[in-house]
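Scroll down for the structure; my scribbles are underneath it.
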Protein chains: 2
Amino acid sequence: MKEGPNIAYIAALIGDPARANMLTALMSGKALTVSELAHEAGVTLQTASAHLSKLQEAELLLPRKQGRHKYFSLNGPEVARVLEGLMGLAAGAGYLRKRTGPKDHKLRKARVCYNHLAGDMGTQMFDSLMEQGHLGLEQERLFLTESGAAFVEGFGIDLKSLQVKSSPLCLECLDWSERRSHLAGSLGRALMSQFEALSWAKRDAKTRVVTFTPIGTTRFEQMFRRL
Amino acid sequence: MKEGPNIAYIAALIGDPARANMLTALMSGKALTVSELAHEAGVTLQTASAHLSKLQEAELLLPRKQGRHKYFSLNGPEVARVLEGLMGLAAGAGYLRKRTGPKDHKLRKARVCYNHLAGDMGTQMFDSLMEQGHLGLEQERLFLTESGAAFVEGFGIDLKSLQVKSSPLCLECLDWSERRSHLAGSLGRALMSQFEALSWAKRDAKTRVVTFTPIGTTRFEQMFRRL
DNA sequence: GGTATACTTCGCTTATGGTCGAAGTATGAA
DNA sequence: TTCATACTTCGACCATAAGCGAAGTATACC
């Protein structure tokens with residue numbers, strides 16, 4: 001029976017390698033120009049322009065003009081979630097694009113997943129918070145405990161401003177490289193921002209790699225030690 | 001940068017209309033034969049066979065042989081979740097396949113979303129449970145309250161057996177036709193099963209439509225009234 | 001064993017859509 | 001105003017993969 005939403009159309013848009021590369025690049029949470037996305041996809045400007053027009057038409061991407069520059073970003077966390085889900089399915093089925101180089105190792109170590117920390121360090125943080133009783137599970141639901149609230153506030157996170165927002169505070173996000181959870185939600189985002197604000201970590205301008213400084217690494221390990 | 005999971009490959013698999021139709025048919029939670037899926041997709045047996053082989057190879061589908069019959073089902077709730085997410089994106093962007101007929105109305109009224117009730121009645125149930133305080137939100141997290149536990153146990157749901165399972169009890173699932181939440185998780189599944197066991201509702205053999213009997217409708221309305 | 005049914009595999013056809021060169025439009029800076 | 005840069009649109013090319021007919025394999029039944 002052919003009724004309901006046309007998932008083939010949306011999936012086919014994501015199913016083109018050039019478009020998939022652009023969407024993946026935008027998982028960094030940054031807005032990129034047409035030129036930058038063309039470079040990400042390894043196609044010419046004109047090809048990228050046609051692709052982006054389609055993705056915009058399908059409301060997967062949001063455009064913004066700044067003078068002669070046109071920036072695109074993912075059209076919200078719902079798109080990111082579907083992309084991450086596809087990543088999980090692809091990784092689970094073994095469809096990984098091999099890349100023998102330092103970047104692959106770095107991507108697995110720490111990377112940004114839309115707006116929060118993912119990879120080995122992302123899952124370490126999640127596991128540590130669980131082990132220290134700062135995050136709890138109730139009926140398989142993730143929540144911040146009282147000790148957790150004190151912990152993150154002590155780290156400089158303004159919980160009050162986070163909790164007035166409509167988006168969830170703590171969300172489990174399945175990490176495709178670790179096959180375990182890392183922390184998403186507004187708290188995950190806030191923690192990532194704080195790492196950057198404290199200069200513990202910085203994002204790579206071109207990729208989703210997050211690089212922690214030696215000091216940042218030490219502090220991170222101290223703060224999110226494993227039992 | 002071309003690293004990480006190959007989402008284009010998985011998305012392209014879903015992006016073919018014949019394969020999308022088969023995956024959508026399997027959202028009913030039922031296992032279907034190659035012949036049935038060929039009919040769903042409107043292609044010949046040989047074409048369907050080739051498509052299903054690809055979906056199986058990608059671990060999106062799970063095969064099971066029974067004599068000369070070969071059944072396929074979705075390879076778990078993770079696949080269903082990605083498909084539902086794609087449905088939400090497609091519906092949100094207006095990519096709906098029009099179908100002026102009784103089935104469209106029925107699909108929106110009540111349908112099965114993998115293993116739980118969706119559509120108008122699915123969201124009504126969710127809203128009612130929230131309004132009556134049987135479901136609660138804590139830090140945007142859904143949980144069953146004490147009154148909710150008593151409520152569903154009074155309806156014949158064995159909560160103890162549900163809670164020993166690893167899958168979440170209460171999950172919000174974004175309903176593509178209503179654009180609001182309906183109840184997923186093991187509780188959502190158990191409630192759907194109970195509606196069937198009590199002969200309040202039955203699933204359509206060919207589609208995802210769930211049809212409530214007049215008595216079932218009355219009981220459902222009484223049980224899940226809106227304030 | 002013969003027939004019917006369910007499914008798989010092979011080979012060929014062809015429609016589709018991504019790609020880029022060329023040309024045009026829009027914005028910024030000197 | 002001119003030149004440089006960013007992006008859009010058009011048209012033609014061609015690689016790819018879905019589709020089906022044909023043939024083969026596997027299972028069920030009489």
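Small disclaimer: the values here were computed from a predicted structure and weren't measured.
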Donor-acceptor contact present, side-chain Arg19(A) to main-chain Leu13(A), <3.5 Å
yes
Measure the shortest side-chain to side-chain distance between Leu117(A) and Arg189(A) over non-hydrogen atoms and say whether it is less than 4.5 angstrom.
no
Comparing Glu36(B) and Lys65(A) on DNA chain C - which has the more 5′ nearest nucleotide:
Glu36(B)
Do the non-hydrogen side-chain atoms of Met125(A) and Leu191(A) ever get within less than 4.5 Å of each other?
yes
Give Thr33(B) one of three labels, base, sugar-phosphate or nothing, depending on what nucleic acid heavy atoms sit under 4.0 Å from its own.
sugar-phosphate
End-to-end axis angle, where each axis spans five pairs of the helix from dG1(C)-dC30(D) to dA30(C)-dT1(D), to 10°
30°
Treating Arg203(A) as the side-chain partner and Ser28(A) as the backbone partner, does any N or O pair qualify as donor plus acceptor under 3.5 Å?
yes
Heavy atoms of chain B, cut-off under 4.0 Å: which first and last nucleotide of DNA chain D, 5' to 3', fall inside that, if you could look?
dA18(D) to dA28(D)
Whole-Å distance between dT27(C) P and Arg68(A) CZ?
11 Å
Within-4.5 Å side-chain heavy-atom neighbours: Phe224(A) and Phe126(A):
no
So do the side chains of Leu23(A) and Ile14(A) get within less than 4.5 Å of each other, counting heavy atoms only?
yes
Donor-acceptor side-chain pairing of Gln46(B) and Ser49(B) below 3.5 angstrom
no
Quick check against the 3.5 Å criterion: does Thr47(A) have a side-chain atom that pairs as donor or acceptor with the backbone of Val43(A)?
no
Distances under 3.5 Å only, N/O to N/O: pair up the protein atoms with those of nucleotides 16-20 of chain C.
{"from": "dG18(C)", "atom 1": "OP1", "to": "Arg19(A)", "atom 2": "NH1", "distance (Å)": "3.3"}
{"from": "dG18(C)", "atom 1": "OP1", "to": "Arg19(A)", "atom 2": "NH2", "distance (Å)": "2.9"}
{"from": "dG18(C)", "atom 1": "OP2", "to": "Lys54(A)", "atom 2": "NZ", "distance (Å)": "2.5"}
{"from": "dT19(C)", "atom 1": "OP2", "to": "His51(A)", "atom 2": "NE2", "distance (Å)": "2.3"}
{"from": "dC20(C)", "atom 1": "OP2", "to": "Thr44(A)", "atom 2": "N", "distance (Å)": "3.2"}
{"from": "dC20(C)", "atom 1": "OP2", "to": "Thr44(A)", "atom 2": "OG1", "distance (Å)": "3.2"}
{"from": "dC20(C)", "atom 1": "OP2", "to": "Thr47(A)", "atom 2": "OG1", "distance (Å)": "3.0"}

Using the ring of each side chain (for Trp, its six-membered ring), is His182(A) parallel, tilted or perpendicular to His116(A), with breaks at 30° and 60°?
tilted
Taking side chain as C-beta onward, heavy atoms only, is Pro77(B) less than 4.5 Å from Tyr114(B)?
yes
